[in-house]
Amino acid sequence: IYVSSVDARAVGTDDMARVHVVPNGIFHADAPPLARASASNKVIGFLGDMSYEPNISAALRLAERIFPRIRSRLGDATLLIIGRDPVPSIRRLDGAAISVTGTVENIWPYVASTNIFVLPMFEGAGLQNKILEAMFAGVPVVTTSIAAASLGATSGEQLLVAESDEEIAAQAIKLLCEPAYANRMAEEARIFVMRE
């Protein structure tokens, strides 16, 4: 039993009749009604278990390589890293422009306070629940192909896929500077999650 067809194919078993894909879902019973953050805030979110190595690597990539590119164009942008058990390298990021929440009782108020999520994953496998949670909350997402592969969402419709730091930053800036575009993508993302 695998949570995505990507994982099932990676195993490469000869007996595919015995392979079953049972996708993850998200728990949203405690989610608040859909509420969008003010477009003037420019809050970029990252969500995940901050003691899990692929999340640590992606958050550091975002904070150290992508976020500075965004700030060079949008000096008032801030980064909010939401996630339990942040390791010291993540805790050290906490400062004026970057907030690290650590463990929170309920993620949804923090998710609702963001304008976009940037999840530049370059390792890890399986279904990315953090992306589903952001999409369910109506927050547009920029991610990489490795993270988007298991979702079945279409880049440019329900989320944006980019690979290089420059491309990811450019997509994030586009969403932050074009609220109508970001809202349309957020609506499509929420519909997709509810349907799938």
Side-chain angles (χ1 to χ4, degrees), residues 2-4 6-7 10-11 23-28 37 42-72 74 77-137 139-151 153 155 159-173 175-176 189:
Y2 302 93
V3 298
S4 78
V6 173
D7 290 341
V11 172
N24 285 346
I26 59 169
F27 178 76
H28 56 78
K42 296 181 180 51
V43 179
I44 300 158
F46 184 95
L47 175 64
D49 177 344
M50 295 316 307
S51 64
Y52 177 56
E53 192 56 45
N55 288 341
I56 296 166
S57 298
L60 290 172
R61 177 185 184 192
L62 173 58
E64 296 171 349
R65 296 171 21 200
I66 298 167
F67 184 58
R69 287 176 165 84
I70 297 168
R71 290 267 297 182
S72 73
L74 305 172
T78 59
L79 174 58
L80 177 61
I81 299 174
I82 310 159
R84 68 175 178 260
D85 302 326
V87 296
S89 62
I90 297 297
R91 285 194 182 279
R92 280 193 289 276
L93 298 171
D94 196 49
I98 301 175
S99 298
V100 178
T101 68
T103 302
V104 297
E105 187 173 322
N106 184 342
I107 64 166
W108 297 112
Y110 295 92
V111 171
S113 73
T114 64
N115 298 92
I116 66 170
F117 269 88
V118 177
L119 301 156
M121 310 303 291
F122 56 90
E123 57 186 329
L127 188 58
Q128 302 291 323
N129 287 336
K130 58 185 144 284
I131 297 175
L132 292 178
E133 289 165 337
M135 291 169 69
F136 172 77
V139 181
V141 174
V142 180
T143 192
T144 55
S145 58
I146 192 171
S150 65
L151 299 175
S155 182
L159 49 68
L160 294 173
V161 174
E163 301 304 328
S164 71
D165 296 344
E166 294 80 10
E167 291 169 335
I168 294 168
Q171 295 288 15
I173 291 166
L175 288 170
L176 290 168

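- Heavy atoms only, all atoms of each residue included: N115 and P140 are closest at O-CD, 3.2 Å.
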(request) Walk me through it: do S99 and D94 pass the test side-chain contact (heavy atoms from CB on, under 4.5 Å)? (result) CA-CA 5 Å; S99 298; D94 196 49; 4.1 Å; yes
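- For I168 against T144, the heavy-atom pair with the smallest separation is CD1-CG2, 4.1 Å.
- When all heavy atoms are compared, the tightest approach of R69 to I173 is O-CD1, 4.2 Å.
- Considering only heavy atoms from C-beta on, L47 comes within 4.5 Å of E133 through its side chain.
- The minimum heavy-atom distance linking L62 with P68 is given by the pair O-CD, 4.2 Å.
- Interatomic distance, OG of S89 versus CG of L93, reported as 7.0 Å (0.5 Å rounding).
- Remark: A97 engages F67, R71 in a side chain to side chain contact (heavy atoms under 4.5 Å, CB included) (not counting sequence neighbours).
- Here the side chains of L119 and F46 are in contact, with some heavy-atom distance below 4.5 Å.
- At least one side-chain heavy atom of L151 sits less than 4.5 Å from a side-chain heavy atom of L132.
- Rounding to the nearest 0.5 Å places CD of E123 at 9.5 Å from CD1 of I56.
- Of the inter-residue distances, the one linking I82 atom CD1 with W108 atom CH2 reads 10.0 Å to the nearest 0.5 angstrom.
- For the pair V111/F117, a side-chain contact is recorded, criterion being any heavy-atom separation below 4.5 Å from C-beta on.
- Not a single donor-acceptor pair under 3.5 Å links the side chain of S57 to the backbone N or O of P54.
- Using a 4.5 Å heavy-atom cutoff, the side chains of I66 and P120 are in contact.
- Within the 3.5 Å criterion, the main-chain N or O of S145 finds a donor-acceptor partner in the side chain of E163.
- Note that NZ of K42 and CG of L175 are 12.5 Å apart. Values are rounded to the nearest 0.5 Å.
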(request) I would like to know whether I70 and L79 meet side-chain contact (heavy atoms from CB on, under 4.5 Å); could you show each step before the answer? (result) CA-CA 10 Å; I70 297 168; L79 174 58; over 6 Å; no
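- Every salt bridge (Lys or Arg N to Asp or Glu O under 4.0 Å) that D49 has, sequence neighbours left out, goes to R84.
- For the atom pair CG of L60 and CG of N55, the computed distance is 10.5 Å after rounding to the nearest 0.5 Å.
- With a 4.5 Å cut-off on side-chain heavy atoms, M121 and I131 do not count as touching.
- Screening residues 55-64 for salt bridge (Lys or Arg N to Asp or Glu O under 4.0 Å), with sequence neighbours left out, gives R61-D165.
- From I44, atom CD1 reaches atom OG1 of T78 across 7.0 Å, with rounding to the nearest 0.5 Å.
- The nearest pair of heavy atoms linking G48 to K130 is CA-CD, 4.5 Å.
- Annotation for A172 and V142: closest pair N-CG2, 4.1 Å, computed over non-hydrogen atoms.
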